[in-house]
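Only heavy atoms go into these numbers, but all of them, side chains included; no hydrogens, no water, no symmetry mates.
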Amino acid sequence: MAHMFPFPDDLPLALQIKALGDEELLDFWEETQFLEKFLEEDFNVQPQHSVEYERLILQELQLRSCRRSLDRRP
């Protein structure tokens, strides 16, 4: 399920997300949702970056969807 990213720690998340494949990106989104729920329920901790992760992931998915639509045009 989880994988070690081959990126330096100082590389911005937005750039790391762009390098992921579609399935990896969806897996990352699922894992962030799971982690957020786990932290809230078991440790009563409010995740600080989950909204940013979700926004970046959704933005990247929308961009990819638009690109695919443009590529399919005659």
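Here Glu30 contributes atom CD and Phe34 contributes atom CZ; the two are 9.5 Å apart, rounded to the nearest 0.5 Å. For the atom pair Leu11 CG and Lys18 NZ, the distance stands at 12.0 Å (nearest 0.5 Å). Here the CG atom belonging to Leu56 is positioned 12.5 Å from the CH2 atom belonging to Trp29, to the nearest 0.5 angstrom. Atoms CZ and CG, on Arg55 and Leu13 in that order, are 9.5 Å from each other to the nearest 0.5 Å. Atom CZ of Arg72 sits about 14.0 Å away from atom CZ of Arg67, to the nearest 0.5 Å. One distance of note links CG of Leu58 with OH of Tyr53; it measures 15.0 Å at 0.5 Å rounding.
When side chains are defined from C-beta on, Gln16 does not count as touching Leu20, because their heavy atoms never get closer than 4.5 Å. Using a 4.5 Å heavy-atom threshold, the side chains of Arg73 and Leu70 count as touching. Side-chain contact between Glu54 and Gln33 is present, with at least one heavy-atom pair separated by less than 4.5 Å. Residues Leu26 and Leu61 form a side-chain contact, since some pair of their non-hydrogen atoms from C-beta on lies under 4.5 Å apart. For the pair Phe38/Phe43, a side-chain contact is recorded, criterion being any heavy-atom separation below 4.5 Å from C-beta on.
Residues Arg64 and Asp22 share a closest heavy-atom pair of NH1-OD1, 2.7 Å. Here the closest heavy-atom approach between residue Leu25 and residue Glu60 is recorded as CD2-CG, 3.8 Å.
Within 6.0 Å of CG on Asp71 lie more than 12 heavy atoms contributed by other residues, nucleotides or ligands.
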